[in-house]
There are 2 protein chains.
Amino acid sequence: MGCKEIQATVRQIFSNYIEKKGLRKTPERFAILDEVYARTGHFDVETLYIQMKNASYQVSRATLYNTMDLLIDCGLIVKHQFGKNIAQFEKTYRCRQHDHIICTSCGKVEEYCDPRVHEIENTVAQVLDYTITKHSLYFYGICSDCRKKNKT
Amino acid sequence: MGCKEIQATVRQIFSNYIEKKGLRKTPERFAILDEVYARTGHFDVETLYIQMKNASYQVSRATLYNTMDLLIDCGLIVKHQFGKNIAQFEKTYRCRQHDHIICTSCGKVEEYCDPRVHEIENTVAQVLDYTITKHSLYFYGICSDCRKKNKT
DNA sequence: ATGTCTGCAAAGCTTTTGCACTGAT
DNA sequence: ATCAGTGCAAAAGCTTTGCAGACAT
């Protein structure tokens, strides 16, 4: 599936969601969705704002925050708080579900996937009687590069 | 081990830390430590500030934030970001290590402990070559109470 | 005595809100 | 023609910072 097809598909998902919720299909909302899906990796609202200001489409911060909430609600993006006060976002469609490890020395973020996370999720859901909708798992530590540098 | 003994012990830990770092043993720092360890559960800086203002000891927000950083650094408290922008803190000494599940409907926070988290940690550390110092794991969902209410 | 720590207030940053205008339905 | 959505700017809320005075060493 190429970039164009993914764009078309997520637009369709978003479109269905908007209809279902009885909201309006504004050009801003789809422009933001495109911009989000053109990005790779993590980003924050301010970065997206600057980028869209400089590029073809102008949007306000208010609309960006509003649309982020919609995209989260329909599952097209996820929101992270990597220990800072700046929320980081990440697209999810056609992206393998994964968790993150952050190097506290250089700030590098890497991804991994371990099926045991879901096993734990199932156990916790059963024991505490929750309907779990999402999880967030982060490991923090020192990456091998930083370990070497510190020894020098 | 009673409350008094815990207070004495954590004061000693903090005292050693301050000496090792070449910092000063100010009354404010120990007053904040006491207050933190007198609390149960999670709290934010503003709550602590109000409480200390109303109680025997007056401290500034600046000192509170400063001291929180020290207490985190010496491992006497941990900092959480439960998806909001308000940092939540929690004491750690003599507290069983645990993770959290948050009800997205009523905001209730419950705790659980699953040994498989450490197994995942070990695997990730080995595969990606990190020295992992901490992790944060949160599940989000709907608790049984809220599920019942929504059906009414 | 020295220089770190404190308190206060101001500033900084991200996010939210109020309001008038715009545009999707 | 409605009224939800947008943009702008102001406000809000948590956290950090600058600076003068206080006090631990």
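With respect to A:Glu46 and A:Arg61, a salt bridge is recorded, a charged nitrogen being found less than 4.0 Å from a carboxylate O. A salt bridge links B:Lys25 with B:Glu19: the distance from a Lys NZ or Arg NE/NH1/NH2 to an Asp or Glu carboxylate oxygen falls below 4.0 Å.
A:Gln7 is not listed as a side-chain neighbour of A:Leu33, based on a closest heavy-atom distance of 4.5 Å or more. The shortest side-chain heavy-atom distance between B:Ile86 and B:Gln81 does not fall under the 4.5 Å cut-off. The shortest distance between side-chain heavy atoms of A:Ile142 and B:Tyr130 does not fall below 4.5 Å.
There is no side-chain donor-acceptor pair under 3.5 Å between B:His118 and B:His135.
Scanning residues 59-70 of chain A for heavy-atom distances under 4.0 Å to DNA chain D yields A:Val59, A:Ser60, A:Ala62, A:Thr63, A:Asn66. Taking every heavy atom of residues 13-49 of chain A and every atom of DNA chain C, pairs under 4.0 Å involve A:Arg24, A:Lys25, A:Pro27, by number.
Partners of B:Asn122 under the side-chain contact (heavy atoms from CB on, under 4.5 Å) rule, at least two apart in sequence or in another chain, do not exist in this structure. A:Tyr57 pairs by the ring-ring contact (aromatic ring centres under 6.0 Å, His included) definition with nothing, not counting sequence neighbours. Not a single ring-ring contact (aromatic ring centres under 6.0 Å, His included) links A:Phe89 to another residue, sequence neighbours left out.
Here the shortest heavy-atom pairing between B:Glu121 and B:Ile132 reads O-CD1, 3.5 Å.
Comparing the helix axis at one end of the helix from C:dA1-D:dT25 to C:dT25-D:dA1 with that at the other, each defined from 5 consecutive pairs, gives an inter-axis angle of 30° (nearest 10°).
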